[in-house]
There are 2 protein chains.
Amino acid sequence: MSDFYQKKTTNGYYCNIYQYLIYMKVESRKQEIINAAAILFKEKGYSAVTMRDLAKAMGIKAASLYNHIQSKQEILSTIIIDLAEEFTTGMNAIAASDINCVEKLEKIISLHIDVTLRNSDGLASLNNDWMHLEEENLLYFEKMRRDYEENFRKIVIKGLKAGEIKSSNVEIIVFSTLSTLRTLYLWYPKQQNIDAAILKKDMISVLLKGII
Amino acid sequence: MSDFYQKKTTNGYYCNIYQYLIYMKVESRKQEIINAAAILFKEKGYSAVTMRDLAKAMGIKAASLYNHIQSKQEILSTIIIDLAEEFTTGMNAIAASDINCVEKLEKIISLHIDVTLRNSDGLASLNNDWMHLEEENLLYFEKMRRDYEENFRKIVIKGLKAGEIKSSNVEIIVFSTLSTLRTLYLWYPKQQNIDAAILKKDMISVLLKGII
DNA sequence: CCATAAAACTAACAATTGTTAGTTTTATAA
DNA sequence: TTATAAAACTAACAATTGTTAGTTTTATGG
């Protein structure tokens, strides 16, 4: 540790790995900009937020943003694609795991809660502004979204066949569960210090066992 | 009937009520514009849709729109306020009715499905673009939304006390149910010819009794 | 203190925005 | 046919948009 951390500076520290000396920032200015953008996008949507709005939130001028980012579009795609990949990775692990279908649904609920607690601002863009992604990223996102829903649907169908899930319209089950999980980002920040473990338990109960 | 409909024209008909002769349109050009706008707003959001986009969808030039509407803002507020008032009226009737809490929840689910079937495009604006309403309409909308949620919450709390609803976190019940109902507009148009009565029955079952 | 790089700045651009003014076309009733 | 009103048009405006070029300031390590 003592020869790992070579020297601290204001925004980061130097670090030698083998023969290389590299500079590592605590959090890059770029990431700060992206985080600030996510908050603004959540409030007004991507299209209504101007680069001047974002600059003002950062306490700098609009042109200065371009020392750190390539374009407004890059900010949006970073926010959305990072999150979508997080969901994809999580879902793939759950789908491949050797547990029954109801347990898989519980893991999915847990995944959504974890991601929401970590980045509820970014989820607003993922839910509402994905259509403003450009060509390649739009297609990539849409594929991830499609695959995610298909994995979810397969789990429900298997659960129905196995008798773990009550017979009902598959699409209604998929839609009603997913819509609640996807909207968590709107609701969670309004709750003061709710414990993640309790939230998971209650959400699982309400979504799976109902309320009456 | 025969002396009620006086004369037909291309876009409407003349009609005498008592001593007055009035001209009634089948559907006003204004309403056509608002309907077209709702579709575009659903696809890209209010801020990303330009008056030239809307004009092109109507097959006319942007300036021509202003023969029928006052402003872009008027279109948005008409879409949202009309729908919000519809929900408010429906909820007030349900809250005041002499039925038990679970029956009230069933009526609320039915209300959301009815409104969604009638105007799923407009609901996109209500859900995603309400923050772009201006001063007075924004306050009016926010009050209606607050009151609606408060009515919903009261019904759930009463249901819990009466033992009609299983003990659980009130906020989670309110949030998870409402988020599904509010997102119906995204899901319903993708389903081909699903019967409203069956949809209501299944939604009530999934939301109230759960899936396992 | 000095050299360098990171990060801010000013000024401006070309395109697009909602909207207005004034004019022409189209539809209607007599 | 003719007068009128509805609804389209062209042309333009002032403001705002994302972004670039070029310059100055600030922070850093030696």
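Each chain gets a letter, A, B and so on, in the order its sequence line appears, and its residues count up from 1.
- Using a 4.0 Å cut-off between charged side-chain N and carboxylate O, A/R145 and A/E142 make no salt bridge.
- Here the side chain of A/H68 is nearest to one of C/dA8, D/dA8, D/dT10, namely C/dA8.
- Within 3.5 Å, a donor on the side chain of A/N67 pairs with an acceptor on the base of C/dA8, or the reverse.
- A donor-acceptor pair is defined here as one N or O able to donate and one able to accept, closer than 3.5 Å; such a pair exists between the side chain of B/T78 and the backbone of B/E74.
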Query - nucleotides 12-20 of chain C: protein proximity per nucleotide (B base, S sugar-phosphate only, - neither; heavy atom, under 4.0 Å) - result: B----BBBB
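- Checked by atom type and distance alone, the side chain of A/S205 never pairs as donor or acceptor with a backbone atom of A/K201 at under 3.5 Å.
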Query raised in the report: Which dot-bracket string describes DNA chain C (Watson-Crick N1-N3 plus N6-O4 or O6-N4, or G-U N1-O2 and O6-N3, all under 3.5 Å; [ ] crossing; | other strand)?
Result: ||.||||||||||||||||||||||||.||
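- Taking 4.0 angstrom as the limit, A/S64 places none of its side-chain polar atoms (N or O) nearer than this to OP1 or OP2 of C/dA7.
- Atom P of nucleotide D/dT26 and atom CZ of A/R29 are separated by 15 Å, given to the nearest angstrom.
- Remark: B/D202 CG to A/E171 CD distance equals 12.0 Å, nearest 0.5 Å.
- Under the 4.5 Å side-chain criterion, counting only non-hydrogen atoms from C-beta, B/V174 is not in contact with B/E149.
- Classified by interplanar angle (parallel below 30°, tilted 30° to 60°, perpendicular above 60°), the ring pair A/Y46/A/F41 is perpendicular.
- When side chains are defined from C-beta on, A/I211 counts as touching B/L105, because their heavy atoms get closer than 4.5 Å.
- Taking atom CD1 of residue A/I60 and atom P of nucleotide C/dA8, one finds them 5 Å apart after rounding to whole Å.
- Side-chain atoms of A/S179 and B/S179 form no donor-acceptor pair, as typed in the model, at a separation below 3.5 Å.
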